Each structure stands twice: as structure tokens, then as C-alpha cells.
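Labels below follow one simple rule: chain letters A, B, ... track the order of the sequence lines, proteins then strands, and each chain is numbered from 1. Everything quoted here is computed from the prediction, not taken from an experiment.
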2 protein chains.
Amino acid sequence: MADTAPPPSAAGRSQSPSPSPSQDAGRLPRPVPAQRRYGNRPTMKDVAARAGVGLKTVSRVVNAEPGVTPDTERRVKEAIDALGFRRNDSARVLRKGRTASIGLVLEDLADPFYGPLNRAVEEIARAHGALLINGSSAEDPDREQELVLALCARRVDGLIVIPAGDDHRYLEPEMAAGVAIVFVDRPAGRIDADVVRSDSFGGARAGVAHLIAHGHRRIGFIGDQPRVHTATERLRGYHAAMAEAGLPVAEEWVALGSTEPKRVRAAAEAMLDAEHEPVTAVFTGNNRVTVTVVRVLAERERPVALVGFDDFELADLLVPGVTVVAQDAATLGRTAADLLFSRLDGAGGAPSHVVLETRLVARGSGEIPPWDAR
Amino acid sequence: MADTAPPPSAAGRSQSPSPSPSQDAGRLPRPVPAQRRYGNRPTMKDVAARAGVGLKTVSRVVNAEPGVTPDTERRVKEAIDALGFRRNDSARVLRKGRTASIGLVLEDLADPFYGPLNRAVEEIARAHGALLINGSSAEDPDREQELVLALCARRVDGLIVIPAGDDHRYLEPEMAAGVAIVFVDRPAGRIDADVVRSDSFGGARAGVAHLIAHGHRRIGFIGDQPRVHTATERLRGYHAAMAEAGLPVAEEWVALGSTEPKRVRAAAEAMLDAEHEPVTAVFTGNNRVTVTVVRVLAERERPVALVGFDDFELADLLVPGVTVVAQDAATLGRTAADLLFSRLDGAGGAPSHVVLETRLVARGSGEIPPWDAR
DNA sequence: TTGAAAGCGCTAACAT
DNA sequence: ATGTTAGCGCTTTCAA
């Protein structure tokens, strides 16, 4: 999209040639002077020494455990402040077995659809005292797997995954080992696991039916790659609506593929400008596609109707307003996170499949009549 | 909101009474049978036992270190697969001292402005083999500190922070201990640290000058809270542009505060509808504010000019298109991440302050002449 | 109330 | 080429 401004000046390359940091030059051949990790951070042992107490006492103070005299506590706290001590949670985690962190793997951190979802998950995690580690798969199954396994190696307590791939059997050992995993937006492939998703089929069917109700008979569908579950579900909804209205579907009216603007634009133009049976309305399979199609339609004379899956900011302020099938990303995230933490709290039982309803929001673009209406 | 699927059923406590995993059962009065953490995941020791090799050999295979016969390697790998072993990075980290993870603290994960930034940081982190832990401060200084310190306790190698607070002295011990920290969007408060930000002052000055060039003399400024550095910098730019044009600024034309739509709407309406000297143009301090003001202006008859700080998706498709002072969030993130990793790679030197230029993008709303022009 | 000792699972350093 | 021994910094256990 926008031009990527080059970093103005090369970032501060002003390092002086490191004046021989430490003096421990000519000494005994000690293998390694028990050198501290973590940039020589003080440990509980250091705090204990400074406060003149035992290690465990420091631990008690740090963790606010009972059984420490106010006076001792004060001395320990002073030592902590003086040394700038901060507990090393890595070590704690190793001992305790829980990391108090969960992983969130989504498709693209930059996609505005995931912002509210990400935020909702974070809020719930925070309420449970857990940190959120996240990353995006860039819609690449290999990358998804790599990321998910890296998170498992970090021993996240649980994982929320928006799957890019369609085979998640690689997760079986992890799940058997007790990692809780909830899939969002799309079900897991070839394993049975918790899922929270929107009703893609029903939403798309309703959206297309809306267009049909407004007089359209030749309706295009532009969606995501067929590998993506939501894409095929929405396409199924499209076919269902058309079939229910007794309308035929020409092959040229359906275009699945990447959400890359160029591809979407080409697909849209092809079905709009076809000699034979140009479409009078378009249903778009997700917000990325919708935005590009809005651009294409804005350039043309002939008014073409549009309904898009996913709501997006400012959809109401465009002219015409964009009619959408809205799904609630925040609720999706919140529900998934709640489910995940209930699993972590010990909830057993069969995997649950939560399906959230969508909502058709009419704003104008979906109510445009066909331009060839007689 | 939607139905939060109730935890299906209560806890799955179905582990059989541990069929005495290892044989060292009837021995000394060992306090606790060394029970495994992490949901009984296999460890390198288990793999070693199963493959009939030493622990270190497993470690070598797992880390692809040299010095293992192809045959041994095969046996170890078989054991790994059979057991579903996955290295515990918590332990690794404890030993190695580096976590290969960085933290990103921003204001709001749901704000579209941060999506591309987040994504850019993630890409760089990934290129360096690091994971990204992130969270949002909700623009609350206490929450920022809490989050940052939690990340430090996890011993992230470095931190990228979009500061909410204005006093970051609490980071001094961390930085002294070697945690690399780069601030983005706004400088750190009361400490000297690396910063990567846009030229808020210059951008705002240019934006306001643009309005002045189009004939406006009464221009409003609606910005973020005065605590936020960018807000005051942009206000400074506004004042500079007005002063340079010899224009007075009425007190009622300036409104700093929360970016909450209600507040922004009230502020906008007040300055637009003033009896005395209503403004004919508005400069908005960030994308959240801009979006709300666009809504307000869309409801009115009188055409009011608008220039906003920050670009946003679809700004070009609104009618009129919204003229903005664009900053490149992705480059901001990329530059900060590059700087962070250069620090982690040992780059020393004084803190660097990188300032990225902004770009005025004229799209229509900023070129509307004053409605009272004679 | 306090603390010493034994690991958590891994890697570094040193045998063999 | 492979194995053994110490820890990393913390919590757990148990004794004082």
C-alpha cells in the first residue's frame, strides 16, 4: 500500500570500541567464574546475603507468603530495592510447571478484524494473571505449525489458534500432554478440539438472500482461498441462497483466491465487465476483499450492489454505506479465552463447538436495485 | 453479549494411579516421587532412557549439534517421536540466560494504527528467532508499569514500549541490568533512552499551514490528553503554524482530552457552533479523533475543512476524502525493532533519537475553503 | 519464624 | 562420539 518511507538516518551507530569491559584478565584458570546470566541481575541469594537472612525468607517476602516478622520483611524489602531485584519468572516457571502465559496465533496482526479479538483475549488473560504471547501465521500452514510448536516449547499453558492449515494432528502430543487449545474462527483440521466461530454459512446465506430480495439474479461471490474453512462455508451459504431462490450460478460468478488487492480487483472486474452475463451485485467473503471491491465499485458508473462479510470501521460513512454481515470479533475472542481458561481451571468434557450468530447490517450498498431491472 | 459456552463438565481427573513410571520405586523414603510438572511431559532424560543413550546425546540431537553418529541420531529421533518429546524452553532459558523473546507494550491492541506496527515488529522479531509477547496499557501509566515489569520478570531480552506514562525511572534498574528498551511514538519520561517517533510538531505545523493556505483563519485543534507527548507536540505545531501566519488563537478553539467519541464530539460541536467565533476548519490530533470528527462533520450542512494526524484505511474513499498528515506505522515499528536488536547484538553508544518525517496527503477535506470566505 | 537441601529440565564444561 | 557433573534461580519439603 502506502510507500514505505526509508528510515531517515541509519540508527545510532555510535558505539565506542568497548573499552575492555571487565578487568578479570590475568587470573587463575577458573573455568568460568560462575558468571551470572541475565546481565548480572541480582538473585534471591544476593538479596538474602545483603539482608542477612536465608534464601527462603526472601522467597517468602517476594511472594507475600505468611510467616515473616515485619522487621525481617522490612530488611528484605530494603535489600530488594537497594539491589533492584526482580524475581526471575523463568526459574519460577521451571519449578512450578505453569507459565501463566497463553499463546494467540492469528492470521495477520495488521488485519483490523483481529484487533478487537486480540484485545478481548488480552483482557481475559490479564484478568487471569496471564501474559499473552502472539504471532501471526501469515495464512501459511507451515508457519502456523512452527509458531504453535515454539509456543508449546515455551510451555504456554494454553493456546488460542486461528488456524491457517487444515491438518492439526501435529498437536496431538501437545494436547495429550495437557496443553489446552481453543480454535477460533475456523475449526481444527483432522482433530476434534474446542472451536469458537461465527455462523459463516448462515451469515453468507442471509447476505446473499438479502441481495436476491432486492431483485438481483446475477450475483458474484469473491472469497478467500478454498483452503480456508470460512471461505468454503461462505461459498456454501451463497450457493444455498441462490438455490433456494431457484437461481442458476454461472461459473464466472465465483472467484476464490488470495485476498491480495490485485487478485480481488481482477476477479471483480472480470465478473462486472463480462460480455455475457455481468453480475449486478457482489457478495464478498471477508473484510479484506470487501475493502478492495468498494474501491473497484467507486470507480464505475453503473451502480452495483454489495454485501460484505465482516463489519469494518467507517463502513457506514462511505457513500453508499456498505451493507455487511457483521460478526463480533471481540465476542469471538472473549468467548474463546473464557473457554480456554475454563479448561485450564480443569473443565473437562467433550470439545465444545460454539457458533455465534451473525447480524445483517443494511447501510445502502446492499439495497441498490439491479441496474438492468425492468 | 453472546453466549459464553459453559465449561462442558467438571474436571477430567482421569489419570490412572501412575503405574510406577520408573523402577526406582521401593527405595529410600523419598519425600515425593519426583512428580513431573507440565502435565507429565517427557523430558530429555526420558528420551535418553528410551533410546539407551546419555542425556547429553539427546541434547545434541535436539539442538542439531555435531558429534553424533547417524545411527545414534536415528534412535534418539525415534524415541523423541514415540514419546512426543518437546524441549522445555523454560529450562533452556534458565540455563542460557536469553529468552529469545521481546516484549511489545502498546496503547491499545484494537487501535488500527498499531496493527501494522505490531506486525512489523513481529516480522523483525521472527527474523531474529524471537517471540513477541505483547499487551496494551490502555493508556494507563500504572498498567504500563505493571505490564513492563511483568515482562522484565519473564526476562524478555528487550522491550519496545509506546509509553503511556511520563515517568520511566522505574526502568532504571532494568536497563542497568541489561534489558534493552526502545520507546516508540513518544519519548520516555525522565530517563534518556532510545526513541523512534514521527515528527509530530512538524507534521502538525504543516497540516495547519495547509489549512491556512486554503484561506482559513479560525482553526480548531482537537487532540489527545495533555499527558501524552504527541498531543502536546502536535498542539505546539498548531500554535507555531498559527503564529507564523500571524493568526490569533482563541481559547475555545483548542480541546485536549480523552479520545472517547463522546468527548470529541462535544468538543467539535462546541467549536463549530460557537456564537462568537466558530471555526471554519479543524485539525485533529490522531486517527481516533479524526474518525469521530468525520462523523460529526458528515451530519452538518456547512462544509468544514478537516486535516487529521495519522492516515487510516478508507480515508480516500470518504466524501470528501480526508486530508491527513500520514505517519508510517510499519516503518516506525520496523525501525524500532531493528534498533532494539542492534542493541541486543551489542551496539553501544548514546541513546539514539530517530525522528521520521510525516507526509501530507491531500484528499479533499483539507482543501475546502472557509464557508465565510468573502 | 526461619533456613538448608533437593530438585524443576536443560546446557556448559569437562571427562571418557 | 558419548557420558558425567555442575549448576541456571527459583519453589518445595522438611527440619530447626
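For the pair A:K45 NZ and D:dC8 P, the interatomic distance rounds to 7 Å; values are reported in whole Å. Per the geometry, CZ belonging to A:R98 stands 17 Å off P belonging to D:dT11, to the nearest Å. Counting to the nearest Å, the P atom of D:dG9 and the NZ atom of A:K56 are 18 Å from each other. For B:R92 and C:dA12, the CZ to P distance is 8 Å, given to the nearest whole Å. The distance between atom CZ of B:R41 and atom P of C:dG9, rounded to the nearest whole Å, is 11 Å. Atom-to-atom, CZ of B:R154 to P of D:dG9 comes out at 18 Å; the value is rounded to the nearest Å. Across the protein-nucleic acid pair, A:L55 atom CG and D:dT12 atom P stand 13 Å apart, rounded to whole Å. Rounded to an integer number of Å, the gap from CG of A:L94 to P of C:dG7 is 14 Å.
For the OP1/OP2 pair of C:dA12 and a distance below 4.0 Å, the side-chain nitrogens and oxygens of B:K96 include at least one atom meeting the criterion. At least one side-chain nitrogen or oxygen of A:T69 sits closer than 4.0 Å to the OP1 or OP2 atom of C:dT2. Side-chain N/O atoms of B:R87 include one lying less than 4.0 angstrom from OP1 or OP2 on C:dT11. Between A:T57 and C:dG3 there is a side-chain N or O to OP1 or OP2 distance below 4.0 Å. Regarding contacts with the backbone of C:dT11, a side-chain N or O of B:N63 is found under 4.0 angstrom from either OP1 or OP2.
Put simply, the side chain of B:R154 never gets that close to the backbone of B:L149: no donor and acceptor are under 3.5 Å apart. Put simply, the side chain of A:E144 gets close to the backbone of A:A164: a donor and an acceptor are under 3.5 Å apart.
Of the candidates C:dG9, D:dC10, C:dT11, D:dC10 carries the atom nearest the A:M44 side chain, counting heavy atoms from C-beta on. Of the candidates C:dG9, C:dC8, C:dT2, the closest approach to any side-chain atom of A:R95 belongs to C:dC8.
Checked by distance alone, B:R60 brings a side-chain donor or acceptor within 3.5 Å of a matching partner on the base of D:dT2.
Side-chain contact between A:D157 and A:S101 is absent, with no heavy-atom pair separated by less than 4.5 Å.
Residue contacts for B:D89: at a heavy-atom cut-off of 4.0 Å it reaches no nucleic acid atom on any strand shown.
Shown are B:V184, B:I162, B:L147; of these, the side-chain contact (heavy atoms from CB on, under 4.5 Å) with B:V105 is made only by B:L147.
Aromatic ring orientation, B:H128 versus B:F341: parallel (interplanar angle below 30°, classes split at 30° and 60°).
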